[in-house]
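Naming convention: chains lettered A, B, ... in sequence-line order (proteins, then strands); numbering from 1 in each chain. Small disclaimer: the values here were computed from a predicted structure and weren't measured.
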Protein chains: 2
Amino acid sequence: MEIKKEKKITGKTIYNGNILRLFRDEVEFPNQHKSAREVVEHSGGVSVLAENEAGNILLIKQYRYPVDEIIYEIPAGKLEIGEKIEECASRELREETGYSAKKFSKLFEFYPTPGYSTEKIYIYQAENLEFVGRDLEEGEYIEVVPKSKAELKELFKAGKIKDSKTLIAVMYYLGDF
Amino acid sequence: MEIKKEKKITGKTIYNGNILRLFRDEVEFPNQHKSAREVVEHSGGVSVLAENEAGNILLIKQYRYPVDEIIYEIPAGKLEIGEKIEECASRELREETGYSAKKFSKLFEFYPTPGYSTEKIYIYQAENLEFVGRDLEEGEYIEVVPKSKAELKELFKAGKIKDSKTLIAVMYYLGDF
């Protein structure tokens with residue numbers, strides 16, 4: 001069986017917000033049947049796996065309103081329009097943890113929820129870190145929690161890494177790939 | 001610093017669709033400032049890491065409209081209201097690949113995008129598989145592509161596993177955790 005694409009027939013913006021746009025398209029399936037696709041448009045996110053000078057990975061703790069929970073994450077943020085991915089990685093690492101890094105390299109790019117969102121998340125690895133001071137945005141309440149490899153393994157084993165990008169980055173760091 | 005929750009002040013449903021609901025809440029930050037949170041409500045997803053009788057992992061190829069790409073995924077589906085997670089895992093494995101399994105055990109539960117969606121995704125491991133016949137839903141065009149461990153490693157290394165749940169499941173399978 002050959003997998004075919006769906007054809008867009010009509011499209012409608014339902015909501016145009018600060019961090020996302022919701023649209024609803026009428027589409028045609030390969031068998032000519034018609035249906036609707038509800039899609040969240042998001043500009044994408046960039047996240048950073050960063051090991052500091054003491055050999056600890058920089059995790060952050062942050063309250064996430066949609067899931068009503070304080071969770072562990074790697075530093076990350078929304079890609080601004082026109083912004084280069086590496087610049088975004090550098091900016092978010094600096095703002096959220098206070099570290100600058102000499103070298104950034106791409107580890108992953110993935111779709112968190114390709115069934116209903118356009119969002120792509122990038123994971124970069126940051127190397128040669130230096131502490132230069134934090135610079136949080138209004139409304140960001142973030143605690144930096146550096147974790148050793150053993151501590152990360154414990155958190156992972158206990159199911160306490162619950163965020164997709166962080167799970168992927170931590171598994172990459174812990175595993176032998 | 002202690003991380004505090006945000007308080008909901010008012011809430012408004014913007015769109016109530018087939019697979020998601022979009023709402024916009026006015027919230028109060030710990031510093032008493034007010035802001036809005038745009039949130040996608042989703043009932044959650046269940047996915048399955050399944051190795052067939054030949055020792056191959058059952059991947060599927062599927063066109064995903066939001067990202068306009070045919071991507072590899074593990075079998076998965078939306079959790080129906082009132083449905084038990086293990087039943088959903090069993091149903092989706094059967095519908096999409098034609099396999100039933102004697103044993104299901106939970107590997108992961110994670111938030112794909114906790115910044116703007118309530119969705120939680122579960123990953124179950126299925127064992128003791130038996131082929132009983134596929135049963136696709138209307139509008140599902142899915143190709144089953146069983147992959148050996150070596151083939152999975154190759155896909156992973158080449159950056160061809162792009163879906164969050166699939167990346168986590170494949171890393172779990174390939175890694176030494």
**Item:** Hydrophobic cluster membership, A:Y63 vs A:V145, 4.5 Å side-chain cutoff
**Value:** no
**Prompt:** More than 12 foreign heavy atoms under 6.0 Å from OH of A:Y172: is that the case here?
**Reply:** no
**ILVMFWY cluster, A:I71 and A:I74 together (side-chain gap under 4.5 Å)** = no
**Asked** Do the side chains of A:Y116 and B:H42 get nearer than 4.5 Å, heavy atoms only?
**Response** yes
**Request:** Give a yes or no on whether the backbone of A:I19 and the side-chain of B:E38 come within a donor-acceptor separation of less than 3.5 Å.
**Result:** yes
**Message:** Need one label for B:L20: side chain, backbone, both or neither, based on atoms under 4.5 Å from any heavy atom in chain A.
**Reply:** both
**Request:** Spell out, yes or no, whether B:V48 and B:L79 are grouped together once hydrophobic residues are joined by side-chain heavy atoms under 4.5 Å, including indirect joins.
**Result:** yes
**Fill in**
Interface check, chain A: of B:A76, B:G175, B:G45, B:P112, most non-hydrogen pairs under 4.5 Å belong to B:P112
**Message:** Please determine whether the number of non-hydrogen atoms from other residues, nucleotides or ligands lying under 6.0 Å from atom CD of A:E127 exceeds 12.
**Reply:** yes
**Prompt:** Using a cut-off of under 4.5 Å for heavy-atom pairs, which of B:G115, B:G159, B:G17 has the most such pairs with chain A?
**Reply:** B:G115
**Asked** Taking every heavy-atom pair that is under 4.5 Å apart, which of A:R24, A:K61, A:Q62 has the most such pairs with chain B?
**Response** A:R24
**Item:** Choice from B:E69, B:E41, B:K120 maximising heavy atom contacts with chain A below 4.5 Å
**Value:** B:E69
**Item:** Proximity of B:F177 and A:F156 rings by center, below 6.0 Å
**Value:** yes
**Item:** Among the listed options A:V67, A:T118, A:V39, the residue most often paired with chain B at heavy-atom distances under 4.5 Å
**Value:** A:V67
**Asked** So do B:I161 and A:F110 actually touch side chain to side chain, heavy atoms under 4.5 Å?
**Response** no
**Prompt:** Looking at A:K157, A:K165, A:E119, which has the largest count of heavy-atom pairs under 4.5 Å with chain B?
**Reply:** A:E119
**Asked** Are A:Y111 and B:R64 side-chain neighbours, meaning at least one heavy-atom pair lies under 4.5 Å?
**Response** no
**Item:** Greatest number of heavy atom pairs closer than 4.5 Å to chain A - which of B:T166, B:V27, B:I121, B:L174
**Value:** B:V27
**Complete:** Interatomic distance, CD1@B:I60 vs CD1@A:I3, rounded to 0.5 Å, equals 8.5 Å
**Item:** Side chain proximity check, A:V40 to B:P66, heavy atoms < 4.5 angstrom
**Value:** no
**Asked** Non-hydrogen atoms of chain A under 4.5 Å away: do they reach the side chain of B:S35, the backbone, both or neither?
**Response** neither
**Request:** Count the heavy atoms belonging to other residues, nucleotides or ligands that lie under 6.0 Å from NZ of B:K149, then report whether that count exceeds 12.
**Result:** yes
**Prompt:** What part of A:L107 is in contact with chain B, defined as an atom under 4.5 angstrom from a non-hydrogen atom: side chain, backbone, both or neither?
**Reply:** neither
**Item:** A:K5 side, atom NZ; B:D68 side, atom CG - distance, nearest 0.5 Å
**Value:** 4.0 Å
**Request:** Please check if atom CD in A:E28 has more than 12 non-hydrogen atoms from other residues, nucleotides or ligands closer than 6.0 Å.
**Result:** yes
**Request:** Would you check if B:D176 and A:D176 make a side-chain contact, meaning some heavy-atom pair closer than 4.5 Å?
**Result:** no
**Fill in**
If one checks every heavy atom of A:I168 against chain B at 4.5 Å, the contacting part turns out to be both
**Asked** Got a donor-acceptor contact below 3.5 angstrom from the B:E109 side chain to the A:K162 backbone?
**Response** no
**Request:** Answer yes or no: is there a side-chain heavy-atom contact under 4.5 Å between B:S164 and A:T113?
**Result:** no
**Request:** Answer with yes or no whether the hydrophobic clustering places A:Y173 together with A:L167; edges join I, L, V, M, F, W, Y residues whose side-chain heavy atoms lie under 4.5 Å apart.
**Result:** yes
**Prompt:** Is chain B contacted by the side chain of A:I70, its backbone, both, or neither, given a heavy-atom distance below 4.5 Å?
**Reply:** side chain
**Message:** Is a donor from one side chain sitting under 3.5 angstrom from an acceptor on the other, for B:E6 and A:Y141?
**Reply:** no
**Message:** With side-chain contact (heavy atoms from CB on, under 4.5 Å) as the criterion, how do A:F108 and B:M171 come out once you've worked through the C-alpha distance, each side chain's angles and the decisive distance to 0.1 Å?
**Reply:** CA-CA 12 Å; A:F108 293 96; B:M171 289 176 85; 3.8 Å; yes
**Prompt:** Are A:L58 and A:Y124 connected, step by step, through hydrophobic side chains (Ile, Leu, Val, Met, Phe, Trp, Tyr) whose heavy atoms are closer than 4.5 Å?
**Reply:** yes
